[in-house]
Amino acid sequence: MRFSGWRVLKEGLTGNKGWRPHWRNPQPKAEYDALIIGGGGHGLATAFYLAKEHGLTKIAVLEKGYLGGGNIGRNTTIVRANYGLPGNSEFYSHSLKLWEGMEQELNFNTMMSQRGVLNLFHSDGQRDAAARRGNAMRNQGDDAELLSREQVRALVPWLDFDNTRFPIYGGLFHGRGGTARHDAVAWGYARGADSRGVDLIQNCEVTGIDIEDGRVTGVQTTRGAIKAKKVGIVVAGRSSQVAAMAGMRLPIESHVLQAFVTEGLKPCIDHVVTYGMGHFYISQSDKGGLVFGGDLDFYASYAARGNLPMQEHVMEAAMTLMPMIGKARVLRSWGGIMDMSPDGSPIIDKTHIDGLYLNCGWCYGGFKAVPGSGFAFAHLIATDRPHVSAARLRLDRFETGRGLMDEEGTGAQHNLH
Ligand SMILES: Cc1cc2nc3c(=O)[nH]c(=O)nc-3n(C[C@H](O)[C@H](O)[C@H](O)COP(=O)(O)OP(=O)(O)OC[C@H]3O[C@@H](n4cnc5c(N)ncnc54)[C@H](O)[C@@H]3O)c2cc1C
């Protein structure tokens with residue numbers, strides 16, 4: 001079933017009776033060539049690229065709940081490639097290029113909107129840091145523009161520029177950044193993988209990982225044992241728990257991150273705006289809701305819901321930056337479980353167990369990574385070699401200390417970045 005303008009017109013004129021389910025609901029088979037644990041954005045993208053780029057089709061994605069019920073459907077949908085350090089820089093740059101072709105590649109409307117991401121700065125020191133980051137982005141081949149206070153005012157006149165504590169000095173603008181509809185990304189990859197023969201198995205929790213003589217042989221699930229010579233763990237906030245099934249202790253802590261959405265308003269915020277000093281960022285959805293968030297909740301937890309103190313903190317930051325938001329009514333808030341790595345950068349690597357691969361450490365920024373991560377993880381699983389874009393995302397950097405990518409310069413404490 002292909003989507004096109006003609007198809008929409010035809011279905012509209014014939015009662016919308018021709019649409020079909022986007023994927024099958026298969027029973028798990030006894031054996032596959034590769035198993036992907038986790039049906040979030042990264043797991044589904046991995047399965048898609050395994051089938052599309054490497055021709056593997058005897059693959060299953062095992063999801064304990066429903067597809068897209070995890071962080072992929074809970075994030076604030078920001079897509080960007082504005083990292084400064086080698087390792088992250090080339091990875092996110094590659095990911096953004098995949099975003100730019102995603103709708104055509106998947107034949108699915110993910111509502112990708114390159115409306116620009118504006119990072120504000122509030123001191124001379126922050127301006128220097130923004131200039132340095134912008135130069136790194138341009139060296140990588142991505143776009144960045146350092147804006148003066150007046151140029152920022154022309155874009156977002158409703159901000160409080162003269163706030164006594166954090167007056168706005170200017171901003172770093174990344175025009176190719178923006179937003180996309182998060183669950184459509186999961187659905188698009190699911191549909192693309194299913195149409196290439198991948199079995200997407202929902203309500204199937206992995207409860208054990210079978211290992212013989214240092215080699216993975218399959219998994220135990222709530223729907224029975226499944227054999228496979230290659231198994232990829234892509235479970236975001238549950239990474240430590242699933243890796244523990246293989247006897248591994250990961251350098252990952254799970255923390256809650258909350259987000260908020262207001263009632264629908266007329267268009268008033270054209271870009272994504274981030275306010276690092278107050279820990280607040282905002283964009284406006286295509287339905288009109290103001291979508292915003294802030295910091296982690298600062299305690300390790302596996303509960304996908306937040307707490308009132310951080311809600312108060314985020315609202316205070318919102319009021320400081322843009323007092324007009326006080327008139328909007330918040331409709332909903334929710335939380336997700338972040339897989340926080342010590343240096344704030346991800347891991348895509350083999351483990352010490354043959355055939356067992358690991359993809360985690362996305363912290364609060366894994367949505368924009370979905371295509372790049374799926375592409376690189378599929379490459380690793382299929383070829384046993386890292387993809388060039390992800391060669392530095394190694395697990396052993398936390399053991400050896402070599403190659404750490406401390407993007408925020410906050411040290412090795414999970415909840416400080
Ligand atoms: C509030 C919030 C805002 C965010 N904002 C942004 C943003 O603006 N931009 C950005 O880039 N990133 C953002 N993120 C981060 C981003 O959403 C995550 O980094 C990313 O979605 C994680 O990868 P995933 O999609 O594969 O995770 P998930 O969707 O969580 O997928 C993991 C899946 O594994 C499954 N699973 C777990 N254990 C098992 C098991 N034992 N067996 C089988 N399945 C299992 C889970 O059910 C889940 O579906 C945000 C996150 C949150 C919560």
Side-chain angles (χ1 to χ4, degrees), residues 75-76 78 80 82-85 88 116-137 144-174 177 179 255-260 262 268-284 290-298 306-326 328 330 333 338 340 343-344 363-365 368 406-411 413-417:
N75 61 69
T76 40
I78 300 168
R80 57 187 165 92
N82 59 355
Y83 284 74
L85 293 184
N88 283 328
V117 174
L118 175 65
N119 300 130
L120 301 171
F121 51 80
H122 309 266
S123 67
D124 290 333
Q126 280 197 326
R127 182 191 287 115
D128 287 350
R132 201 158 50 240
R133 180 178 292 264
N135 285 334
M137 290 160 67
E145 205 182 335
L146 200 66
L147 302 185
S148 67
R149 176 182 161 98
E150 290 318 310
Q151 286 172 306
V152 171
R153 199 194 294 275
L155 289 182
V156 280
W158 33 267
L159 297 183
D160 181 0
F161 282 77
D162 299 312
N163 179 283
T164 322
R165 192 160 173 217
F166 299 124
I168 295 171
Y169 276 44
L172 184 66
F173 190 68
H174 172 42
T179 59
H255 284 257
V256 182
L257 180 69
Q258 300 192 63
F260 311 85
T262 69
C268 57
I269 302 182
D270 296 336
H271 315 285
V272 178
V273 181
T274 76
Y275 170 42
M277 291 311 288
H279 298 296
F280 171 75
Y281 63 93
I282 189 162
S283 66
Q284 187 165 20
L290 305 184
V291 181
F292 60 95
D295 232 325
L296 296 173
D297 269 21
F298 292 125
N307 227 333
L308 284 171
M310 185 50 69
Q311 299 192 359
E312 195 176 2
H313 178 79
V314 172
M315 304 295 167
E316 276 172 7
M319 287 296 292
T320 311
L321 182 71
M322 43 182 296
M324 75 168 185
I325 203 173
V330 173
S333 70
M338 305 294 85
M340 302 298 294
D343 65 356
C363 302
Y364 33 69
K368 61 183 165 307
D406 187 3
E407 191 77 36
E408 317 285 340
T410 43
Q413 194 171 329
H414 299 72
N415 62 11
L416 281 187
H417 52 74

| Can you check side-chain contact (heavy atoms from CB on, under 4.5 Å) on Ile168 and Leu159, steps first, answer last? | CA-CA 9 Å; Ile168 295 171; Leu159 297 183; 3.8 Å; yes
| request: Please assess Asn163 against Arg165 for the test side chain to side chain donor-acceptor pair (under 3.5 Å), listing each intermediate value before the final yes or no. | output: CA-CA 6 Å; Asn163 179 283; Arg165 192 160 173 217; over 6 Å; no
| query | Roughly how far, to the nearest 0.5 Å, is the OG atom of Ser123 from the CZ atom of Phe166? | reply | 9.5 Å
| Excluding sequence neighbours, so at least two apart, what forms ring pair (Phe, Tyr, Trp, His ring centres under 6.0 Å) with His122? | Tyr275
| query | Hey, what do you get for CG (Leu416) to CE (Met340), rounding to the nearest 0.5 Å? | reply | 9.0 Å
| query | Got a salt bridge between Asp128 and Arg133, using NZ or NE/NH1/NH2 to carboxylate O under 4.0 Å? | reply | no
| Steps toward side-chain contact (heavy atoms from CB on, under 4.5 Å) verdict (Val256, Asn307) | CA-CA 9 Å; Val256 182; Asn307 227 333; over 6 Å; no
| request: Please round to the nearest 0.5 Å and tell me the distance separating atom CD of Glu145 and atom CD of Gln151. | output: 6.5 Å
| Shortest non-hydrogen separation from Gly344 to Cys363 and the atoms involved | CA-SG, 3.7 Å
| request: Can you see which heavy atom on Asp297 is nearest to which on Gly306, and at what distance? | output: OD2-CA, 3.5 Å
| said: Is the distance between the ring centroids of Phe292 and Phe260 under 6.0 Å? | reply: yes
| field | Rounded distance (nearest 0.5 Å) linking atom OG1 of Thr179 with atom NZ of Lys368 | value | 13.5 Å
| Under 4.5 Å between any side-chain heavy atoms of Val291 and Ser283, yes or no? | yes
| request: Check the pair Ile78 / Tyr281 against side-chain contact (heavy atoms from CB on, under 4.5 Å), numbers first and verdict last. | output: CA-CA 10 Å; Ile78 300 168; Tyr281 63 93; 3.4 Å; yes
| Is there a donor-acceptor contact under 3.5 Å from the side chain of Asp295 to the main chain of His279? | no
| remark: Shortest non-hydrogen pair, Phe280 vs Ala317, comes out as CB-CB, 3.7 Å
| Between Phe121 and Ala130, which heavy-atom pair has the shortest distance, and what is it? | CD2-CB, 3.7 Å
| message | Can you see whether Phe161 has Arg149 sitting over its ring - NZ or CZ less than 6.0 Å from the centre and within 45° of the normal? | response | no
| What are the two closest heavy atoms between Leu172 and Ala144, and how far apart are they? | CD1-CB, 4.2 Å
| Minimum-distance pair of heavy atoms, taken over all atoms of Met137 and Tyr83 | CG-O, 3.9 Å
| query | Heavy-atom distance under 4.5 Å between the side chains of Leu321 and Leu120, does that happen here? | reply | yes
| remark: Only one of Leu118, Val117, Thr76 passes side-chain contact (heavy atoms from CB on, under 4.5 Å) with Val272, and that residue is Val117
| Side-chain donor or acceptor of Glu407 paired with backbone N/O of Gly84 under 3.5 Å | yes
| request: Check whether any side-chain N or O of Gln284 sits under 3.5 Å from a backbone N or O of Cys268 as a donor-acceptor pair, and report yes or no. | output: yes
| Is the closest side-chain heavy-atom distance between Leu296 and Met310 below 4.5 Å? | no
| field | Worked verdict on Met277 versus Gln126 for side-chain contact (heavy atoms from CB on, under 4.5 Å) | value | CA-CA 10 Å; Met277 291 311 288; Gln126 280 197 326; 3.0 Å; yes
| Flag, side chain of Asp270 to backbone of Leu155, donor-acceptor distance under 3.5 Å | no
| query | Any idea how Phe173 and His271 line up, ring-wise: parallel (<30°), tilted (30 to 60°), or perpendicular (>60°)? | reply | perpendicular
| Within the distance-only criterion (no hydrogens, no angle test), does the side chain of Trp158 pair as donor or acceptor with the backbone N or O of Ile269 below 3.5 angstrom? | no
| Short question: side chain of Glu312, backbone of Pro309 - any donor-acceptor pair under 3.5 Å? | no
| said: So, taking the atom named CE in Met338 and the one named CG in Asn75, what distance separates them when rounded to the nearest 0.5 Å? | reply: 8.5 Å
| said: What's the separation between atom NE2 in His255 and atom NE2 in His414, rounded to the nearest 0.5 Å? | reply: 6.5 Å
